[in-house]
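Below is one structure, written out as structure tokens; comments come after it.
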Amino acid sequence: MDFRNFKISLLAGGAAGTMVDVTLFPLDTIKTRLQSAQGFWKAGGFKRIYSGLGSAAVGSIPTAAAFFCTYEYTKASLSTVLPPRYSSVSHMLGASLGEVMACVIRVPVEVVKQRAQASHKSSFYMLQRTLQHEGFRGLYRGYLSTVLREVPFSFIQFPVWEFLKAEWSMYQGFQVHPWQSSICGAISGAVAATFTTPLDVAKTRIMLAEKGSVIASARIDQVIRHVFRENGIQGLFAGLTPRMIWISLGGAIFLGVYDLVKLQLQHHLLVREES
């Protein structure tokens, strides 16, 4: 991938990340409080559903940009060595590597954001409190559980998204429009969200756990078993409905905006090069 395409992925990814995180933040807050060990109402219910928005807004641009730059670079690199029939492999690997890179930025943002959502405090206050009580390592509480959630999610979502776009393009005889890409993003997001909700529940519990508690230092599989013993299957799928709505809408906005901005930037740069 040359610098021109890298720049396009960087800007389009940043725009898509900001749009989806800010627009759907209230649904994310509701989902976090439903998954909190203290329960939805004690975690704040419907009060101050924009708590933590500051950290989300600051982190959305670099997180999405890091993901898409890695994703597009991996796809472009693998396309030179893999035949077209194995394109889904490049999508899976690209998405997985993209998530590993994005989580370096996403996890500190998630820690601060979710603690603010569950405590009615500002993002800046929770950042200070986390650094004071847990140090820099506290910002990466749940890094592994987040990666273990995000990688399977993108491993499912992006091949499905690319497949739906390819099939739709083949059916109509030309490349899908951004609004069609948006619909494909919503469907792929809903599918991936359903299968990965237990991982999301475990990640949320680890991030919200008090320092020194059993859950705070537990592995993701141990937390899943703990939640299952306490609340059964219902506990593992706590927050599924708002998560599915949030991610379906998020997939529609995120991937639709990404393709729209990418298309506009490509056209703008082409016009500049020809003039």
Side-chain angles (χ1 to χ4, degrees), residues 24-49 51-52 55-56 96 99-100 102-103 106-121 126 129-130 133-135 137-157 189-248 250-251:
L24 300 180
F25 191 82
L27 279 174
D28 184 45
T29 301
I30 292 170
K31 184 268 302 179
T32 297
R33 291 174 179 176
L34 282 167
Q35 294 176 349
S36 171
Q38 61 186 311
F40 178 70
W41 296 109
K42 286 186 178 179
F46 293 104
K47 297 177 182 177
R48 299 192 64 185
I49 57 174
S51 293
S55 58
S96 299
E99 288 297 354
V100 171
C103 280
R106 179 182 293 127
V107 171
V109 172
E110 283 276 301
V111 168
V112 173
K113 180 194 73 175
Q114 292 196 330
R115 291 179 179 184
Q117 287 173 329
S119 67
H120 313 282
K121 303 293 185 180
M126 293 312 302
R129 189 175 187 277
T130 300
H133 291 276
E134 301 176 56
R137 289 185 62 184
L139 292 175
Y140 280 90
R141 167 89 70 82
Y143 176 79
L144 183 59
S145 63
T146 304
V147 170
L148 290 175
R149 178 199 66 174
E150 296 294 348
V151 168
F153 179 87
S154 291
F155 194 82
I156 297 169
Q157 184 188 30
V191 172
T194 300
F195 285 105
T196 58
T197 292
L199 297 173
D200 186 55
V201 170
K203 184 272 304 180
T204 300
R205 291 290 186 93
I206 291 170
M207 284 187 171
L208 295 180
E210 290 293 327
K211 182 184 178 183
S213 66
V214 174
I215 296 297
S217 57
R219 298 193 311 270
I220 193 166
D221 61 303
Q222 294 173 325
V223 177
I224 287 174
R225 287 198 297 270
H226 173 77
V227 173
F228 180 73
R229 283 195 301 269
E230 279 195 339
N231 307 109
I233 287 292
Q234 185 177 358
L236 290 176
F237 284 90
L240 174 61
T241 300
R243 176 170 158 79
M244 277 190 66
I245 295 171
W246 171 57
I247 289 179
S248 293

(request) Could you tell me which non-hydrogen atom of Q157 sits nearest to which non-hydrogen atom of G251, and how far apart they are? (result) NE2-CA, 4.2 Å

(request) For T130 and R115, test the side chains for any donor-to-acceptor distance below 3.5 angstrom and give the result as yes or no. (result) yes

(request) Test side chain to side chain contact (heavy atoms under 4.5 Å, CB included) on D28 and K113 and set out the steps. (result) CA-CA 10 Å; D28 184 45; K113 180 194 73 175; 2.5 Å; yes

(message) Quick check: closest heavy atoms across L34 and G239, and the distance to 0.1 Å?
(response) CD1-CA, 3.9 Å

(message) Can a donor-acceptor pair be found, under 3.5 Å and without considering hydrogens, that links the side chain of Q114 to the backbone of V111?
(response) no

(request) First locate atom CG of D200, then atom CD1 of I220, and finally report the distance between them rounded to the nearest 0.5 Å. (result) 9.0 Å

(message) Show the nearest heavy-atom pair for residues C103 and Y140, with the distance to one decimal.
(response) O-CE2, 4.4 Å

(request) Please name the pair of heavy atoms, one in F46 and one in R33, separated by the smallest distance, quoted to 0.1 Å. (result) C-NH1, 4.2 Å

(request) Indicate the atoms forming the closest heavy-atom contact of I247 with A193, along with that distance. (result) CD1-CB, 3.7 Å

(request) Would you indicate whether the side-chain heavy atoms of I30 and F40 approach each other to under 4.5 Å? (result) yes

(request) Quick one: pull up CZ in R243 and OG1 in T197 and give me the separation to the nearest 0.5 Å. (result) 4.5 Å

(request) Measure across I206 and A216 and return the closest heavy-atom pair with its distance rounded to 0.1 Å. (result) CG2-O, 4.1 Å

(message) Using a 6.0 Å cut-off, check whether atom CZ of F155 has over 12 heavy atoms from anything other than its own residue.
(response) no

(message) Closer than 3.5 angstrom, by distance alone: can the side chain of S213 be matched with the main-chain N or O of A209 as a donor-acceptor pair?
(response) no

(message) In the structure I gave you, are the side-chain heavy atoms of E110 and K203 within less than 4.5 Å of one another anywhere?
(response) yes

(message) Regarding E134 and R129, does a basic nitrogen lie under 4.0 Å from an acidic carboxylate oxygen?
(response) no

Identify all side-chain donor-acceptor contacts of residues 223-238 below 3.5 Å with residues at least two apart in sequence or on another chain.
from, atom 1, to, atom 2, distance (Å)
R225, NH1, D221, OD2, 3.3
H226, NE2, E230, OE2, 3.4

(request) Drop me the distance from W41's CH2 to K47's NZ, to the nearest 0.5 angstrom. (result) 9.5 Å

